[in-house]
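Reading through the structure tokens given below for one structure.
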Amino acid sequence: MDMSKSIYLTTAIDYVNGHPHLGHAYEKILTDAIARFAHSCGNPVFFLTGVDEHGQKVQQTAEKRALSPLAYCDELAVVWSQFIEKLGICNNDYVRTTQPRHQKVVSAILNKLYKEGHFYKESYRGFYSAKEETFLTEKDRLPDGSFDPMYGEVTELIEDNYYFKLGEHQQWLIEYIESHPDFIYPESRKNEVLGFLKKEKLEDLCITRPVSRLSWGIPLPFDSEFVTYVWFDALINYMSIAAAHGDLQILKLLDLTPEDFPENGQEQMEIWPPDFQVIGKDIVKFHAVYWPIMLKAIGAPFPKRLIVHGWWQKNNQKMSKSTGNTVDPIAVINEWGLDAFRYYVLRELEVGPDGNWTDSGFETRYQVELANGLGNLVNRSLSMLNRYRDGIVPAKNDELKNETEIIVQNTFKSYQDIKIQGALIKIWELIYRANQYVDQTAPFKLAKQPEQAQRLDEVLYNLVEICRILAVILWPIIPETAEKIYSQLGLNTQPDLWSESFWGKLTPGHKVNKPMPLFPRRDLNKK
RNA sequence: CGCGGGGUGGAGCAGUUGGUAGCUCGCCAGGCUCAUAACCUGGAGGUCAGUGGUUCAAGUCCAUUCCCCGCAACCA
């Protein structure tokens with residue numbers, strides 16, 4: 001692996017004009033787990049997330065509140081970045097599409113593509129709903145030919161706009177996706193995109209909005225009558241931040257220099273291309289079709305993998321603010337703790353399919369898997385070591401070494417394949433095995449028989465060592481808990497490197513600390 | 001015929017390249033007492049939606065039918 005280039009991960013950037021919800025939290029935590037695993041493997045990591053701030057809805061809401069759009073965005077940016085912090089995300093940068101560094105890159109790209117003949121200007125005649133501020137298509141017509149009253153008054157309108165030629169890109173994109181089976185994950189999404197590309201003719205993408213209709217956007221550098229369409233603007237964030245951190249490959253491509261980003265100082269990182277771009281299934285088309293075409297036109301290498309995750313429902317119904325069928329991540333974290341939340345969303349579903357949140361499911365996983373499983377194992381292991389050996393780690397012993405190593409390897413492979421749920425299932429096999437081991441060896445009985453002292457030492461070593469290894473392999477998922485385990489083990493290092501998961505790293509004679517419940521048990525009946 | 005995803009013991013889910021159907025919860029019985037009234041063992045419970053096919057062998061491949069759920073341009 002090329003160690004000079006960082007593993008580059010991105011999430012979709014969130015549209016600020018909304019409120020952070022479970023879906024946003026899930027995507028961030030999922031990406032965070034992948035990022036932490038990459039770090040754990042010893043790679044430099046660059047993890048980007050951020051917000052998308054342009055567009056009609058922001059402009060409207062700002063107007064309603066008598067604020068400038070930017071002042072309104074400044075307010076929201078705080079809310080969103082606090083949300084990221086609350087989730088324990090280890091991102092290296094936070095992009096806002098209103099930042100000059102981003103706008104510079106968007107302008108550079110627009111200029112380049114314009115000069116190279118990828119755009120053309122054309123008038124569009126269509127039926128426009130002023131109420132919804134959108135053009136309607138034939139598909140929006142009701143069976144009787146009229147438009148739904150929800151669109152208000154619909155008028156026929158002629159509007160000029162710039163378009164990005166996509167037609168010529170359709171064929172190579174199909175071939176690219178077919179010859180790079182890892183490009184879109186999971187496979188079902190890849191098939192969906194291929195199906196679409198093969199069946200439908202790609203229509204040229206409108207990349208502007210007239211200023212008269214929408215002013216809150218990045219001005220088109222070669223025509224002041226227009227601003228850039230939000231999606232064209234938003235997708236570029238992945239590249240603009242690489243440029244802003246001095247990625248020479250991108251700078252050169254866009255004819256920019258590090259001096260164009262004075263706020264960055266002298267930093268020069270190798271970031272591009274992204275290794276993982278994590279998105280929701282709703283925006284597959286933008287990332288699997290428009291985005292590669294944009295990159296091809298720009299001449300930039302493609303992202304390695306697009307990770308498409310599913311959506312959450314609650315109680316098998318679509319989450320919706322209007323019906324109150326929602327999950328507030330902040331409230332859950334405040335009540336149950338960050339790691340319980342992170343664990344649940346990653347354990348509940350594999351990456352790809354939709355998930356279903358239920359409060360009782362969450363509580364059960366907390367109680368059974370975290371409190372009674374992981375928490376109790378660490379607690380009883382450390383407690384016995386303290387009680388029988390004054391907390392001093394006995395001589396090394398390899399009784400469970402093989403079993404543990406197999407599980408650790410399987411877990412590693414699952415992480416590598418982005419099978420996070422699978423990784424957690426395997427990790428819990430180790431927890432069950434360790435609890436079973438306690439029962440089989442009964443250290444509490446050995447402790448009463450002086451002639452069994454050595455056997456007791458062996459058992460205790462195996463238990464404590466497993467607790468330590470668990471911390472290492474769980475760190476990408478539940479970093480706070482992993483660090484707590486290390487701290488209870490009296491270790492002053494961090495469980496953030498996979499190489500720490502090798503058996504036998506706990507040295508005899510080391511003194512551990514007293515255990516504290518990692519996940520305090522709850523009396524669920526009282527709720 | 002719009003696209004996609006699903007239908008596996010009471011509930012929620014795993015099932016990699018086809019080879020005796022697993023897990024968690026719940027239920028019943030037993031064991032243990034180090035531990036967060038936690039832990040361990042055993043048991044009951046499924047014709048893997050239906051039908052047809054390929055195969056020595058299919059939940060796992062093919063065909064078809066039924067049912068559920070998302071998506072269909074800015075909502076992760």
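As the structure is a prediction and not an experimental result, all values here were calculated from the model. A note on names: the letters A, B, ... follow the listed sequences, proteins ahead of strands, and every chain is numbered from 1.
Side-chain rings of A/Phe362 and A/Trp336 approach one another, their centers coming within less than 6.0 Å. Checked against the 6.0 Å centroid criterion, the rings of A/His24 and A/Trp80 qualify as a close aromatic pair. Ring centroid separation for the pair A/Trp312 and A/Tyr26 comes in under the 6.0 Å cut-off.
A/Leu518 comes within 4.0 angstrom of a base, heavy atoms only. Looking at heavy-atom distances under 4.0 Å, A/Ala12 makes no contact with the nucleic acid at all. Contacts of A/Phe519 with the nucleic acid, taken as non-hydrogen atoms under 4.0 Å apart, include base atoms. Within the 4.0 angstrom heavy-atom criterion, base atoms lie near A/Arg209. Across all strands shown, A/Val368 has heavy atoms under 4.0 Å from sugar-phosphate atoms exclusively, and none from any base. Nucleic acid contact class of A/Gly361 (heavy atoms, under 4.0 Å, all strands): none. Across all strands shown, A/Pro443 has no heavy atoms under 4.0 Å from either base or sugar-phosphate atoms. Within the 4.0 angstrom heavy-atom criterion, only backbone atoms of the sugar-phosphate kind lie near A/Gly280; the bases stay farther away. Using a 4.0 Å heavy-atom criterion, one finds that A/Lys281 contacts the sugar-phosphate atoms exclusively.
With hydrogens and angles left out, the side chain of A/Asn376 and the base of B/rA35 share a donor-acceptor pair within 3.5 Å. For A/Tyr229 against B/rC74, a side-chain-to-base donor-acceptor contact under 3.5 Å is present.
Considering only the side chain of A/Trp311, B/rC71 comes nearest among B/rC71, B/rA35, B/rC32. Distances were taken from every side-chain heavy atom of A/His21 (C-beta onward) to each of B/rA76, B/rC74, B/rC34; the shortest belongs to B/rA76.
Ion pairing between a basic and an acidic side chain is recognised when a charged N comes within 4.0 Å of a carboxylate O; A/Arg455 and A/Glu399 show such pairing. Salt bridge status for A/Lys484 with A/Asp339: absent, with no side-chain N to carboxylate O gap under 4.0 Å. For the pair A/Lys28 and A/Asp14, the salt-bridge criterion is met [side-chain N within less than 4.0 Å of a carboxylate O].
Atoms CG (A/Leu385) and P (B/rA35) sit 13 Å apart, rounded to a whole Å. A/Trp357 places its CH2 atom 23 Å from the P atom of B/rA11, with the value rounded to the nearest Å. The CD-P distance, from A/Gln488 to B/rA35, rounds to 15 Å in whole Å. To the nearest angstrom, C1' of B/rU36 lies 17 Å from NZ of A/Lys514. Separating the CG atom of A/Asn372 from the P atom of B/rU33 is a distance of 19 Å, rounded to the nearest angstrom. The nearest whole Å value for the distance from the CG atom in A/Asn379 to the P atom in B/rU36 is 5 Å. The distance from atom OH of A/Tyr437 to atom P of B/rA35 is 19 Å, rounded to the nearest whole Å. Atom C1' of nucleotide B/rU33 and atom CD of A/Gln440 are separated by 17 Å, given to the nearest angstrom.
Near RNA chain B, defined here as any heavy-atom distance below 4.0 Å, the residues from residues 414-436 of chain A are A/Tyr432, A/Asn435, A/Gln436, listed numerically.
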Pairs under 3.5 Å (Watson-Crick or G-U), crossing ones as [ ], inter-strand ones as |: RNA chain B comes out as .((((((..((((.....[..)))).(((((.......))))).....(((((..]....))))))))))).....

- Query: Please walk me through it: do A/Trp428 and A/Tyr343 pass ring pair (Phe, Tyr, Trp, His ring centres under 6.0 Å)?
  - Reply: CA-CA 12 Å; A/Trp428 254 257; A/Tyr343 174 77; 4.9 Å; yes

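With both ends at atom C1', the span from B/rG59 to B/rG7 equals 12 Å, rounded to whole Å. Between the C1' atoms of B/rA76 and B/rU60, the separation comes to 31 Å (whole Å). If you take atom P in B/rU17 and the same atom in B/rC61, they sit 9 Å apart, rounded to whole Å. To the nearest whole angstrom, the two C1' atoms, one in B/rG30 and one in B/rU47, are 32 Å apart.
In terms of position along RNA chain B, the nucleotide closest to A/Glu369 lies nearer the 5' end than the nucleotide closest to the other residue of the pair A/Arg387 and A/Glu369. Checking A/Gly310 against A/Tyr290, the closest nucleotide of RNA chain B that is more toward the 5' end is the one next to A/Tyr290.
Once rounded to the nearest 0.5 Å, the distance linking CG of A/Asp390 with NZ of A/Lys511 reads 6.5 Å.
By the salt bridge (Lys or Arg N to Asp or Glu O under 4.0 Å) test, A/Lys413 is found to be paired with A/Asp417, residues two or more places apart in sequence or in another chain being considered.
A donor-acceptor pair under 3.5 Å is formed between the side chain of A/Gln59 and the backbone N or O of A/Trp216.
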